[in-house]
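Right, one structure below, let's go through it.
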Amino acid sequence: MADTKTQVIQTYNGHPTYSCLKCAAVITLQDELISKAFSGRDGRGFLMQSAVNVKLGRREDRSLLTGVHTVADVFCVGCNERLGWYYHKAADHMQKYKEGKYLLEREKLVKENAWVLDE
């Protein structure tokens, strides 16, 4: 794979974020969290409204716990680590709310609170 570290953008300074565990690239704001009640490939997952510093793999139909979905794996642009997947399409109308959202694996992220201590 090509080196994509130069594509990482610095964003959300001073805001609570989730970052890539492997390279510390910011991936999403904590405010983008929709639900923690999801399962990824390697454990718990977060359903997120949006993500930055990621690239998508190829689309594929994948059988998940809630049925067949058209998804694409999500990779960090800083280190090419697979972070989860992006929901392109859900076959079941009850699952349509996932379309256009990201499932990010909890174990691949670091929670950055951006706390500032008073001096």
Side-chain angles (χ1 to χ4, degrees):
M1 288 194 154
D3 181 21
T4 56
K5 288 180 188 167
T6 58
Q7 296 175 21
V8 173
I9 58 170
Q10 298 302 317
T11 186
Y12 307 137
N13 289 336
H15 296 279
T17 60
Y18 288 104
S19 300
C20 175
L21 177 66
K22 192 170 177 184
C23 76
V26 171
I27 303 300
T28 188
L29 281 170
Q30 290 180 28
D31 288 345
E32 296 295 298
L33 179 66
I34 297 169
S35 176
K36 293 181 179 180
F38 277 73
S39 295
R41 275 190 185 150
D42 303 318
R44 302 304 302 162
F46 298 154
L47 186 65
M48 306 299 292
Q49 185 69 42
S50 68
V52 296
N53 292 323
V54 296
K55 59 186 175 182
L56 300 181
R58 66 178 180 79
R59 284 184 186 210
E60 63 181 51
D61 289 337
R62 195 176 294 166
S63 183
L64 302 172
L65 293 174
T66 55
V68 176
H69 299 276
T70 303
V71 299
D73 283 337
V74 173
F75 299 90
C76 176
V77 296
C79 63
N80 291 318
E81 179 77 4
R82 190 186 54 76
L83 300 174
W85 58 81
Y86 176 80
Y87 288 99
H88 283 285
K89 188 168 170 53
D92 183 341
H93 74 280
M94 296 292 290
Q95 302 298 316
K96 293 284 187 191
Y97 73 95
K98 296 177 185 174
E99 292 181 352
K101 311 286 189 306
Y102 294 83
L103 181 286
L104 300 178
E105 308 239 8
R106 184 177 72 183
E107 299 303 317
K108 306 274 177 110
L109 301 174
V110 174
K111 186 175 184 178
E112 306 280 356
N113 288 317
W115 291 334
V116 178
L117 298 176
D118 291 334
E119 293 188 26

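Within the 4.5 Å cutoff, no side-chain heavy atoms of His69 are placed close to those of Trp85. Under the 4.5 Å side-chain criterion, counting only non-hydrogen atoms from C-beta, Val54 is in contact with Tyr102.
Note on Phe75: it does not cluster hydrophobically with Ile27, by side-chain heavy-atom contacts below 4.5 Å among ILVMFWY residues. In terms of hydrophobic clustering, with Ile, Leu, Val, Met, Phe, Trp and Tyr side chains grouped at heavy-atom distances under 4.5 Å, Leu33 and Leu109 are assigned to a common cluster. Val74 and Tyr18 end up in the same hydrophobic cluster when Ile, Leu, Val, Met, Phe, Trp and Tyr side chains are linked at under 4.5 Å. Residues Ile34 and Phe38 share a hydrophobic cluster, clusters being chains of Ile/Leu/Val/Met/Phe/Trp/Tyr side chains in contact below 4.5 Å.
The salt bridge (charged side-chain N to carboxylate O under 4.0 Å, His left out) check on Lys108 picks up Asp42, Glu81, with sequence neighbours excluded. Remark: Ala72 pairs with Leu56, His88 by the side chain to side chain contact (heavy atoms under 4.5 Å, CB included) rule, at least two apart or across chains.
The minimum heavy-atom distance linking Thr28 with Ser50 is given by the pair OG1-O, 2.9 Å. Ser19 and Val26 get closest at one heavy-atom pair: OG-CA, 3.8 Å. The shortest heavy-atom contact between Cys20 and Leu83 is SG-CD2, 4.3 Å. Nearest heavy atom pair, residue Lys101 against residue Tyr97, reads NZ-O, 3.2 Å. Across Leu29 and His15, no two heavy atoms sit closer than the pair CD2-CB, 3.5 Å. Summarising the geometry of Ser39 relative to Arg44, their closest heavy-atom pair is OG-NH1, 3.5 Å, with the distance given to 0.1 Å.
Between the side chains of Gln49 and Asp31, no donor-acceptor pair of N or O atoms lies under 3.5 Å. A donor-acceptor pair shorter than 3.5 Å can be found between the side chains of Lys55 and Asn80.
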Using the salt bridge (charged side-chain N to carboxylate O under 4.0 Å, His left out) rule, take Lys98 and Asp92 through it: C-alpha gap first, then chi angles, then the decisive distance, then the call.
CA-CA 11 Å; Lys98 296 177 185 174; Asp92 183 341; over 6 Å; no
Could you go step by step and tell me if Gln30 and Asn113 meet the side-chain contact (heavy atoms from CB on, under 4.5 Å) rule?
CA-CA 9 Å; Gln30 290 180 28; Asn113 288 317; 3.3 Å; yes
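Atom CG of residue Asp73 and atom CZ of residue Arg58 lie 8.5 Å apart, to the nearest 0.5 angstrom. One distance of note links OG1 of Thr70 with CG of Asp61; it measures 4.0 Å at 0.5 Å rounding. From Lys22, atom NZ reaches atom CZ of Arg82 across 12.0 Å, with rounding to the nearest 0.5 Å.
With hydrogens and angles disregarded, a donor-acceptor distance shorter than 3.5 Å links the side chain of Glu105 to the backbone of Arg41. A distance-only check finds no donor-acceptor pair linking the side chain of Glu32 to the backbone of Thr17 [under 3.5 Å]. Formation of a donor-acceptor pair under 3.5 Å by the Glu99 side chain with backbone atoms of Ala90 is found in this model.
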